[in-house]
Number of protein chains: 2
Amino acid sequence: MDPRPSYDEKLLGILRASAAVFADKGYDRASIRDIAQATGVSLSGLYYYVSSKEELLFLIQDHCFGTLHHRLEELLVEVTDPGERVRVFIRNHLRFFLANQAEMKVLSHEADALSGEFAEQILRRKRSYARAAQEILEGIAPPDAVESRTATFALFGMMNWIYTWHREDVDPGADALSERITHLFLNGYLTPPPPERPGVTDGSAPSIWRS
Amino acid sequence: MDPRPSYDEKLLGILRASAAVFADKGYDRASIRDIAQATGVSLSGLYYYVSSKEELLFLIQDHCFGTLHHRLEELLVEVTDPGERVRVFIRNHLRFFLANQAEMKVLSHEADALSGEFAEQILRRKRSYARAAQEILEGIAPPDAVESRTATFALFGMMNWIYTWHREDVDPGADALSERITHLFLNGYLTPPPPERPGVTDGSAPSIWRS
DNA sequence: TTGGCGATCGAACGATCGTCCGAAACGCCC
DNA sequence: GGGCGTTTCGGACGATCGTTCGATCGCCAA
């Protein structure tokens with residue numbers, strides 16, 4: 001391919017290959033030696049590009065999250081209709097999610113693996129993105145709607161859970177999936193609650209474990 | 001408390017304490033030494049109750065999943081109305097989830113950590129539970145509804161994602177949360193699609209990373 | 001040709017991990 | 001009180017981990 005890849009291109013290649021390994025084996029079970037083999041670089045050669053395994057995970061998550069949020073803001077600039085903004089948000093998230101499954105799985109699944117300043121930066125990114133999502137949803141919130149925080153994370157759950165079950169050969173692709181999830185969420189969120197929220201019909205106290 | 005705990009009671013205590021440690025630090029980052037300390041048993045003393053760390057994880061997942069599914073079937077025996085069966089399913093799942101957060105986080109988050117026969121047994125349990133859920137949803141599926149497989153996992157996503165964001169002091173409790181999620185999902189799933197599914201308004205091909 | 005610098009590598013180190021072994025302590029029945 | 005099965009423990013072993021160090025390679029400028 002590229003006969004003379006630059007330093008940055010090589011780093012991006014390492015990030016991509018590492019994300020695939022992390023997604024496949026999990027961050028902790030994947031050894032630096034696994035990653036070296038997947039990238040075609042020697043074990044110690046990796047440390048020329050990255051100063052630690054944790055920084056490697058951070059770079060994957062930071063780069064992935066930055067791109068996801070950046071693309072969303074680019075798209076939203078020219079969309080003012082509140083309902084359409086929700087649709088654009090869901091479609092952007094799912095398209096990116098399915099086109100970068102390895103990175104997004106690592107981002108969703110290995111959130112607790114970082115510590116210190118690494119963890120804080122990713123946490124800031126996450127909060128910023130979640131706040132943007134919540135504000136988008138509040139743009140269409142009817143009176144008496146479900147709490148916007150609950151609704152936001154319910155929507156994130158629908159979308160971020162996908163990596164655990166989606167199979168390319170039997171399940172809808174990104175755009176069809178966006179339609180389905182937009183349909184499910186939007187009609188649920190926009191439908192007003194019944195006149196009085198019904199109490200729990202089964203009043204038994206929740207005893208927990210099987211006796 | 002119990003002055004003379006039996007073997008089984010001690011094992012359950014070990015499972016409970018281990019689940020808390022696994023949920024907090026993650027399966028791989030939690031060492032057997034951490035678990036020994038949390039259980040109050042010595043390092044080698046653990047191996048009198050459990051033959052390996054992997055079996056410990058398996059016992060937690062198997063016991064938790066078995067109880068969850070067992071309780072669901074008990075409740076469903078006396079419920080025939082299709083809509084009410086969906087409500088009972090969601091309420092049972094969420095009540096159990098929030099009452100056993102540590103175990104359910106381990107079950108949701110450490111699915112790939114098992115191997116061999118351990119992994120296969122948990123996979124069978126998971127498939128069985130998911131099939132039950134899908135059949136419950138198919139009981140209320142209107143014509144032209146979202147594919148039941150997609151709807152099932154979207155619902156699971158809403159529910160199983162909770163451990164990543166739910167905070168007891170600001171978010172609704174189990175029963176209120178069940179109401180919200182039942183409302184969101186049911187109205188989404190039961191609402192018929194518009195006469196023709198609208199095409200994607202933004203026809204741009206999804207280029208992936210920031211240039 | 002040579003000097004120098006970016007890039008790469010093999011080999012090793014210390015730490016931590018899961019697991020195992022032999023002995024000691026405990027509780028119960030004859 | 002003596003003997004025996006159950007339960008518990010300290011200490012160690014081998015494997016694997018992330019990381020480091022010093023040497024070497026390749027390429028361009030002088």
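Protein chains get the first letters and strands the later ones, always in sequence-line order, with residue 1 at the start of each. These figures come from a predicted structure and were not determined experimentally.
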| message | Which nucleotide wins on minimum distance to the side chain of B/Lys10, given the candidates D/dT8, C/dG18, C/dT8? | response | D/dT8
| field | Between C/dG18 (P) and B/Glu55 (CD): distance, integer Å | value | 15 Å
| Of all the nucleotides listed (D/dT8, C/dA7, D/dC17), which has the minimum atom distance to the side chain of A/Tyr7? | C/dA7
| field | Spacing between A/Lys53 atom NZ and D/dT16 atom C1', to the nearest angstrom | value | 11 Å
| task | May I have the distance from A/Asp8 (atom CG) to C/dG6 (atom P), rounded to whole angstrom? | result | 15 Å
| Is it true that A/Glu117 and A/Arg124 have a side-chain N and a carboxylate O under 4.0 angstrom from each other? | yes
| query | Do B/Ile162 and B/Leu177 have side chains that get closer than 4.5 Å, going by heavy atoms? | reply | yes
| CZ of B/Arg149 to CH2 of A/Trp165: how many Å apart, nearest 0.5 Å? | 6.5 Å
| task | For the residue pair B/His109 and B/Tyr163, categorise the inter-ring angle as parallel (less than 30°), tilted (30 to 60°) or perpendicular (more than 60°). | result | perpendicular
| task | Name the nucleic acid region contacted by B/Ala30, choosing base, sugar-phosphate or nothing; use a 4.0 angstrom heavy-atom cut-off, strictly under. | result | sugar-phosphate
| task | Identify which nucleotide among D/dG18, C/dA7, C/dT19 has an atom closest to any side-chain atom of A/Tyr49, counting heavy atoms from C-beta outward. | result | C/dA7
| Rounded to the Å, how far apart are A/Leu46 CG and D/dC17 P? | 14 Å
| said: Among D/dT19, D/dC17, D/dT6, which nucleotide has an atom closest to any side-chain atom of A/Tyr47? | reply: D/dT19
| message | Without decimals, in angstroms, what is the distance between B/Glu54 CD and C/dC17 P? | response | 18 Å
| Rounding to a whole Å, what distance do you find between B/Asp28:CG and D/dT16:C1'? | 13 Å
| query | Side chains of A/His70 and A/Glu74: do they bring a donor and an acceptor to under 3.5 Å? | reply | yes
| task | With the side chain of A/Ser52 defined as its heavy atoms from C-beta on, choose the nearest nucleotide among D/dT19, D/dT6, C/dT8. | result | D/dT19
| message | Could you tell me how far apart B/Tyr48 (OH) and C/dC21 (C1') are, to the nearest whole angstrom? | response | 16 Å
Considering only distance and modelled atom types, tabulate donor-acceptor pairs under 3.5 Å from the side chains of residues 30-39 of chain B, sequence neighbours left out.
residue, atom, partner, partner atom, Å
B/Ser31, OG, B/Arg33, N, 3.3
B/Ser31, OG, B/Asp34, N, 3.1
B/Ser31, OG, B/Asp34, OD2, 3.3
B/Asp34, OD2, B/Lys25, NZ, 3.1
B/Asp34, OD2, B/Ser31, N, 3.0
B/Thr39, OG1, B/Ile35, O, 2.9
B/Thr39, OG1, B/Ala36, O, 3.0
B/Thr39, OG1, B/Val41, N, 3.4

| said: Given 3.5 Å as the limit, does a donor-acceptor pair link the side chain of A/Glu147 with the main chain of B/Arg180, or not? | reply: no
Which protein N or O atoms sit under 3.5 Å from an N or O of nucleotides 9-13 of chain D?
residue, atom, partner, partner atom, Å
D/dC9, OP2, B/Ser42, N, 2.9
D/dC9, OP2, B/Ser42, OG, 3.3
D/dG10, N7, B/Ser44, OG, 3.1
D/dG10, O6, B/Ser44, OG, 2.5

| request: Write down the distance between CZ (B/Arg29) and C1' (C/dG18), rounded to a whole number of angstrom. | output: 17 Å
